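Some notes on the structure that comes next.
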Amino acid sequence: MKLLAIDCAANLCAACVYDAAAGKELSRSVLDLSKGHAEHLMGVIEGALKAAGTEFTGLGAIAVSTGPGSFTGLRVGVSAARGLALALKIPAIGVTTLEALAAQARVTFPGRAVLAALDAGREEIHAALYDEASVLIYGPSVTTLSQAAAIAVDCSAVLAGTATSQIAASVGRAFDTGPIGATADIAVYARLAAAQGAGKKAEGEKPKPLYLRGADAKPQAGFVLSRQKN
């Protein structure tokens, strides 16, 4: 079965076609964008499909990064995945960025606990801890730098994600580290989705963005008009 994975959780607009049976990537298309995922995503997907020599009808599942990440990027990616899955009558499978970062780190450090941690600004860290068997034992949660550092020390964890350097600096020593970006390699999402069961029924639970805090943009109360009574 061929699986299409897409990722718009951070700066990348990425897609890859993955052969789930053979366990290998067939093609990929990746753009590094600061914005504009909605305008470019379908072109990126079509580029990956063309490079793999397949079409939408040849897909058996869609995988998508669900965050935490960019509010807009997550909405674009998840909406596209759900729309394609509905149209093609195939499953859509969500994979969090924290899970993917941890899985990528584990390739280099097998059998180790991994703390995936993203700098969320406002002195907040978005974190998830996976044990030596890749089982989620903490998070995904919003935590503080000091709490994330304590978890890393207590579990002798490998670090992954954009908060890696902050945690190491807070503790005052180096850690073994995996990927330090805001998202994992696109093929990791495909591999994890295939392992989670690409054969699930399309009417199962649909992926949705993982938002660990509210949106930054909020209505200004001073401009809200009172409701008129009829």
Side-chain angles (χ1 to χ4, degrees), residues 1-105 107 116 118 126 160-162 178-196 198 200 202 206-211:
M1 182 196 71
K2 293 177 181 177
L3 179 150
L4 171 70
I6 59 180
D7 174 26
C8 297
N11 57 309
L12 299 182
C13 183
C16 85
V17 178
Y18 186 83
D19 186 328
K24 68 176 183 179
E25 177 186 336
L26 300 179
S27 67
R28 68 171 57 198
S29 178
V30 180
L31 292 178
D32 191 343
L33 306 170
S34 58
K35 57 183 180 179
H37 293 75
E39 292 83 358
H40 294 281
L41 179 57
M42 291 310 299
V44 167
I45 290 173
E46 289 171 359
L49 291 174
K50 183 177 180 180
T54 191
E55 299 179 351
F56 284 108
T57 53
L59 299 174
I62 309 287
V64 62
S65 57
T66 58
S70 160
F71 273 78
T72 302
L74 293 178
R75 290 176 65 88
V76 169
V78 171
S79 295
R82 291 180 59 157
L84 287 171
L86 179 63
L88 297 170
K89 295 181 174 59
I90 58 177
I93 303 168
V95 178
T96 73
T97 52
L98 296 172
E99 180 184 3
L101 286 165
Q104 188 171 339
V107 172
L118 298 172
H126 291 169
T162 56
I180 59 173
T183 189
D185 184 82
I186 184 61
V188 177
Y189 291 99
R191 174 168 58 84
L192 289 175
Q196 287 177 18
K200 291 181 180 179
K206 305 298 189 297
K208 57 185 178 181
L210 175 61
Y211 297 139

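Just so it is clear, the structure is predicted and the values come from calculations on it, not from any experiment.
- Rounding to the nearest 0.5 angstrom, the gap separating the NZ atom in Lys89 from the OG1 atom in Thr57 is 13.0 Å.
- Rounding to the nearest 0.5 Å gives a distance of 7.5 Å between OG1 of Thr96 and OH of Tyr189.
- With Gln104 contributing its side chain and Gly178 its backbone, the two residues share no donor-acceptor pair below 3.5 Å.
- The nearest pair of heavy atoms linking Gly60 to Pro91 is O-CD, 3.2 Å.
- Residues Leu3 and Ala193 approach most closely at CD1-CB, 4.1 Å, considering heavy atoms.
- A salt bridge is defined here as a Lys NZ or Arg NE, NH1 or NH2 lying under 4.0 Å from an Asp or Glu carboxylate O, and Arg28 with Asp7 fails to meet this definition.
- Rounded to the nearest 0.5 Å, atoms CZ (Arg75) and NZ (Lys208) are 13.5 Å apart.
- Judged by distance alone, the side chain of His37 and the main-chain N or O of Leu12 form a donor-acceptor pair under 3.5 Å.
- When side chains are defined from C-beta on, Val107 does not count as touching Val188, because their heavy atoms never get closer than 4.5 Å.
- Thr97 is listed as a side-chain neighbour of Pro68, based on a closest heavy-atom distance under 4.5 Å.
- Here the straight-line distance linking atom CG of Leu49 with atom OG1 of Thr54 works out to 6.5 Å at 0.5 Å rounding.
- Residues Met1 and Ile90 have side chains not in contact (no heavy-atom distance under 4.5 Å, counting atoms from C-beta outward).
- Residues Met42 and Phe56 share a closest heavy-atom pair of CE-CZ, 4.0 Å.
- Residues Ile6 and Val44 have side chains not in contact (no heavy-atom distance under 4.5 Å, counting atoms from C-beta outward).
- Here the options are Leu31, Leu33, Asp32, the test is side-chain contact (heavy atoms from CB on, under 4.5 Å), and the partner is Asn11; only Asp32 passes.
- Around CZ of Arg82, the count of heavy atoms belonging to other residues, nucleotides or ligands within 6.0 Å exceeds 12.
- Across every non-hydrogen atom of Cys8 and Val76, the tightest pair is SG-CG1, 4.4 Å.
- Expressed to the nearest 0.5 Å, how far CD of Glu99 lies from OG1 of Thr66 amounts to 8.5 Å.
- Counting heavy atoms from C-beta outward, Leu84 and Leu59 have side chains that stay 4.5 Å or more apart.
- Scanning all heavy atoms of the two residues, the minimum distance from Pro207 to Val78 falls at O-CG1, 3.5 Å.
- Here the side chains of Lys24 and Leu26 are in contact, with some heavy-atom distance below 4.5 Å.
- Rounding to the nearest 0.5 Å gives a distance of 9.5 Å between CD1 of Ile180 and OG1 of Thr162.
- Across Ala105 and Ala160, no two heavy atoms sit closer than the pair CB-CB, 4.2 Å.
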